[in-house]
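Beneath this line is the structure, given in structure tokens, with notes to follow.
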Protein chains: 2
Amino acid sequence: MKIICSKSSLLKSVSIALKAVPSKTTMPILECILMDATTNQIKFTTNDMELGIETIVEGTIEEKGKVALDAKIFYEIIRRLPDNDVTIKTDDKYAATITCEKAKFNIPGKSGEDFAYLPMIEKDEPLTISQYTLKEMIRQTIFSIAVNENNKLMTGELFEIKNNCLKIVSLDGHRISIRKMPLKKDYSDRKVVVPGKTLSEVSKILSGEVDDQVSIYFTKNHILFEFDQTMVVSRLIEGEYFRIDQMLSSDYETKLKINKKEFLDCIDRATLLVREVDKKPIIINITDDDMELRIDSAMGSMNEEIDIEKEGKDIMIGFNPKFLIDALRVIDDETVTIYLVNPKAPCFIRDDEENYTYLILPVNINQNQAR
Amino acid sequence: MKIICSKSSLLKSVSIALKAVPSKTTMPILECILMDATTNQIKFTTNDMELGIETIVEGTIEEKGKVALDAKIFYEIIRRLPDNDVTIKTDDKYAATITCEKAKFNIPGKSGEDFAYLPMIEKDEPLTISQYTLKEMIRQTIFSIAVNENNKLMTGELFEIKNNCLKIVSLDGHRISIRKMPLKKDYSDRKVVVPGKTLSEVSKILSGEVDDQVSIYFTKNHILFEFDQTMVVSRLIEGEYFRIDQMLSSDYETKLKINKKEFLDCIDRATLLVREVDKKPIIINITDDDMELRIDSAMGSMNEEIDIEKEGKDIMIGFNPKFLIDALRVIDDETVTIYLVNPKAPCFIRDDEENYTYLILPVNINQNQAR
């Protein structure tokens, strides 16, 4: 094989492909990037058996062939080369010579025969949305997937298409994040659970431009994201996702509107007195048109008042401050509306159109903490 | 005590003072910042017994007094406050209340009676140079102090004033870095060894502006840096510094001029094939007007040629690439001159005026590596 590509296009493609290279594996072939120039396109493929990426690189094929190279070393070499044309050539033992200007690298390679190709996905009826939208919806929900694998379904996100609306849901047992977006044309109903890891890697590769599109295809076991010169294929998580509709309620006893930035800054200040391990709740005391935030810890105490617009009853309720911060950070509105029922029932942060809903369970506060 | 300062001036002063707060200590008082408003100035002091910082904060004293507060918590609080006036008030039990707009923090404090004040330094004959110069000279030498404490003197830098020239030297047994600067007026000769930690903290606080001055005072056991509103006092390292003059030689067999950026980029590329633990040397082969760089490792091999201007003999020599990179990175010249004697003698990177000299010991290369 002999190919010539510019350093910049190589670097772009390798950076993308690197997202599906596992950091730890017992199968050395998975640490490789497969460079396939057997047809008239140069294709880079990586695959960690859950997630696979294939991306097309612009360049010239001078001699057809393919080779599997250690992905991380290859990336580091390309990254440090001068900004010029790079020639990659392999011999019959798959040793690769990478040349750029006067720099010449030799690294060993593999035939690529035992490289696991990506599964073939039948492409019918793509869901096409802007890369910006997908990237944003992932960012606005991914923080509330569960980290540990006790319940596999919680480590993924629900992608549901229903009534021509895309809904993305994540939950971890303490909170639920929901983002909805109306779709411009008719789609058949779908419901799949996509691994969180896949989504966070996909969102790193997406350009995030409003004008760039991404097409999403679903099969029984896989999801395929197709955009620019890249295809990302991932396994789905099997099983029936949680019935969240019955956890959502539109009843409330207290409704309040608050300036998001003021609220967020105030919680941020309060948390500096809390060590992660302490799990100290922040106490919110709502009286008339005033919200008092309070935290007490071994390091000291803090309190602050914020003006609010309130409908309904007074209430005192405790929260894990991190959960409030996570949700508030991904809401772009200047003012947020919060719905509360009682100190033991979840609170909802929700806009009028329900484009977003963040449910957060409160923390029990005993009489001592409440004072 | 009751003082009122702007958030910005508090933040600036606390950030400076924080540099002398030890991260680990068995003496809790050392983790504190002493706020002294007993006179008509507000002074913040920190002291880790090696290094002490005193800085004056602009603000209003409404009630005289002093208090010692946990420096890190105090810093975190100030950092997160709104950008407005901050009131700090203590009660008779030294509990501090920090108020800014509607936010109110309470943290416990100490009387500060057992706080170790900075040593009194007799200020005669200061060495006054620009903050830019001092910051640069530290940056250009600090990387070659020894990290481990086997030889205490190697963990510091020599500051020598002689013949109206300031010379700063660091060495770690494998290399020596020397920077010299002519002084504008007459100074008496001095020779002290300043702890590397002190210098790295001082250089973080220095503005780095050419027009800002720093005055340096020396006593038998201490060095004092005075600049802006801040005083940094440090113990000196006791003992006789190494006699470096006998290690420096102006004889050479090979002299070469090379483009610094090309050389640096090339070594940088080569090092990606080396794991730190491997200690693989980079092999430099100088023939006629050509320098070949070569590295061989388990990961692969690399070679590259660079044009040079040469006087004298051909030579093949091996180096720890990190040492070359460290020195080349802090040289601002476009072209550097390198002097070599033989494959077992140190190389010198030196400018004609000897404003800088970097001595680097070579690594033995066996016949096998040299090929």
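Proteins get letters first, then strands, A, B, ... in listed order; numbering begins at 1 in each. Everything numeric here is computed off the predicted structure, so don't read it as measured data.
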*Take atom CD of B/E63 as the centre, draw a 6.0 Å sphere, and report whether it contains more than 12 heavy atoms from other residues, nucleotides or ligands.*
yes

_Heavy-atom pairs under 4.5 Å with chain B, option from A/R269, A/E76, A/E101 with the top count_ = A/R269

*Relative to chain A, which of B/N106, B/L293, B/T97 shows the most heavy atom pairs under 4.5 Å?*
B/N106

_My understanding is that only residues two or more places apart in sequence, or in another chain, count here; which of them pass side-chain contact (heavy atoms from CB on, under 4.5 Å) with B/E292?_
B/N285, B/R294, B/N303, B/E305

_So, taking the atom named CD1 in A/I107 and the one named OG in B/S297, what distance separates them when rounded to the nearest 0.5 Å?_
10.5 Å

*Do you know which of A/A103, A/A96, A/A95 has the most heavy-atom pairs under 4.5 Å to chain B?*
A/A103

*Region of A/L81 that comes under 4.5 Å of a non-hydrogen atom in chain B*: both

*Mark yes when over 12 heavy atoms from residues, nucleotides or ligands other than B/K104 sit less than 6.0 Å from its NZ; otherwise mark no.*
no

*Please walk me through it: do B/D307 and A/K102 pass side-chain contact (heavy atoms from CB on, under 4.5 Å)?*
CA-CA 10 Å; B/D307 293 334; A/K102 288 181 176 177; 3.1 Å; yes

*B/I77 versus chain A, heavy atoms under 4.5 Å apart: side chain, backbone, both or neither?*
both

*Selection from A/D70, A/D265, A/L273 maximising heavy-atom pairs under 4.5 Å formed with chain B*: A/L273

*When you look at CZ of B/R79, are more than 12 heavy atoms from neighbouring residues, nucleotides or ligands closer to it than 6.0 Å?*
yes

*Is the number of heavy atoms from other residues, nucleotides or ligands within 6.0 Å of NZ (A/K310) greater than 12?*
yes

*Specify the closest pair of heavy atoms between B/P108 and A/G300, including all atoms of both residues, with the distance to one decimal.*
CD-CA, 4.4 Å

*For chain A, find its close neighbours in residues 11-33 of chain B: heavy-atom separation under 4.5 Å, sorted by number, or none.*
none

*Quick one: pull up CD in A/E304 and CZ in B/F105 and give me the separation to the nearest 0.5 Å.*
7.5 Å

*Checking B/R80 side chain against A/D268 main chain: does a donor-acceptor pair fall under 3.5 Å?*
yes

